[in-house]
Amino acid sequence: MNADEFGQRVLEWFDAHGRKHLPWQQNPTLYRVWVSEIMLQQTQVVTVVPYYRRFVERFPSIRTLAEADLDEVLSLWAGLGYYARARNLHRAAGILRDRHGGEMPLDIALVQALPGVGRSTAGAILALSTGQRQPVLDGNIKRLLSRFAAVPGWPGQASVLARLWTLAECYTPTERVADYTQAMMDLGALVCAPRRPDCRLCPLAMGCVAHAQNREMDFPGAKPRRDLPVRATRMVMVRLATREILLERRPPVGVWGGLWSFPECPLEADVVDWCQERLGLRVAIQPLWKSLRHTFSHFHLDITPVPVIAEAECAKAVLEGERFVWYKSDDVQRLGMAVPVRLLLTALTDDLLNYEDRNE
DNA sequence: CACGCGTGGCC
DNA sequence: TGGCCAAGCGT
């Protein structure tokens, strides 16, 4: 099947079955498509949609995003994961404001130079928003092309990746590039699916090498896997008699970077001493009622929560400033703390306050 | 090139 | 129910 026929068939399929009502497809400006592409990195459409709506309502333009506090940007990202995306998005908005007149450039090299924007995302932004002829190679298209051409090997391997890029480039048409690009992602997500590809619905089945060999599931080649490491940590839940709880801003990089969580106390340290030295707090430890395992895609995190009661006057005096915050449950949304909201605040804090109630 | 980086859904 | 996967990129 030549490239013209490939594109023709894909576009015909798009007209009949492609997705045309996603939020970022309505008024697909460079800014709106950019935000959507960042959110969609390693994240499924159904998960993104509500976050996307809230985000572009609050930050409708590059300039509003650039002027915002990172804390507020993170607060709208809370729960979506991969928070470096939000930090990069905010930083890139500042770059666009300062060096590009507040506009997304049309030169793919400049787009790709923005933090958080790689080759595929840069291509998707320009192709979907302006129709510029740029290839895209996301996970869906990798899978589709791997099967169509029976490309052996794991796409994480440079040689395999290079071959897929060549195919993506070759099949990208000169007309209706936006529809074609959307169609390829839709085909990969809805028809050429990872688990159960439905080749009866595929407009490319007649040219698909993997299908001809009945080997759809052999492509793309499997990623070499190793077992997840386990990390252990301890989080100190400092509570005042007023039911306020202490949160600390996490470092800007690493797990949950830039978000707020309970302070982490080294496992080898004595909690009472550590609170005295690190936080300047005199505390009383409460009984521990459970520990918690949180599984990430790349490791297990075993968390030991340690509830402690601190003296209010001392605590207030010592821990004022940007690094720490005292909160009540109502304040969570304002602060934008993904981890505390979902994992720590809802689970551990509820337990902490229930525990307190039971003992009153 | 290998690894770090989240979360929800699927079986 | 634990392992796997999903619109990648930065280091």
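All values below were derived from every heavy atom in this structure, side-chain atoms included, with hydrogens, water molecules and symmetry-related copies excluded. Just so we're clear, the structure is a prediction, and the values are computed from it rather than from any experiment. Quick note on labels: first sequence line is chain A, next is B, and so on, each numbered from 1.
- For A:Tyr52 and A:Trp24, the ring centers sit closer than 6.0 Å to each other.
- When the nearest nucleotides of DNA chain C are assigned to A:His300 and A:Glu37 by heavy-atom distance, the more 5′-ward of the two goes with A:His300.
- Remark: the separation of the P atoms in B:dC3 and C:dC4 is 15 Å, to the nearest Å.
- Distance check on atom P: C:dC9 versus B:dG8 gives 23 Å, rounded to whole Å.
- Among the duplex regions that DNA chain B forms, those built from at least three successive Watson-Crick or G-U pairs under 3.5 Å are B:2-5 with C:8-11, B:7-11 with C:2-6, ordered by first number.
- Looking only at atom types and distance, the side chain of A:Gln41 has a donor-acceptor partner in the side chain of A:Thr121 under 3.5 Å away.
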Only pairs under 3.5 Å count here: list side-chain donor-acceptor contacts from residues 269-279 of chain A, not counting sequence neighbours, and write none if there are none.
residue: A:Asp270; atom: OD2; partner: A:Val272; partner atom: N; Å: 3.1
residue: A:Asp270; atom: OD2; partner: A:Asp273; partner atom: N; Å: 3.0
residue: A:Arg278; atom: NH2; partner: A:Glu248; partner atom: OE2; Å: 2.8

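- Under a cutoff of 6.0 Å and an axis angle of 45°, A:Lys142 and A:Phe219 do not form a cation-pi pair.
- Contact annotation: A:Arg143 does not reach the phosphate of C:dC5 (side-chain N/O to OP1 or OP2, under 4.0 Å).
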Between the protein and nucleotides 9-11 of chain B, are there any N/O to N/O pairs under 3.5 Å, and if so, what are the atom names and distances?
none

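- Ring planes of A:Trp13 and A:His17: tilted class, angle from 30 to 60°.
- With DNA chain C read from its 5' end, the first of the two nearest nucleotides for A:Ser36 and A:Leu114 is the one closest to A:Ser36.
- Using a 30° and 60° split on the angle between ring planes, A:Tyr171 and A:Phe6 fall in the parallel class, below 30°.
- Contact check, A:Tyr83 against B:dT7: a side-chain N or O comes under 4.0 Å of OP1 or OP2.
- Looking at A:Glu216 and A:Arg147, no side-chain N of the basic residue comes within less than 4.0 Å of a carboxylate O on the acidic one, giving no salt bridge.
- Side chains of A:Ser261 and A:Arg250: a donor-acceptor N/O pair is present below 3.5 angstrom, by distance only.
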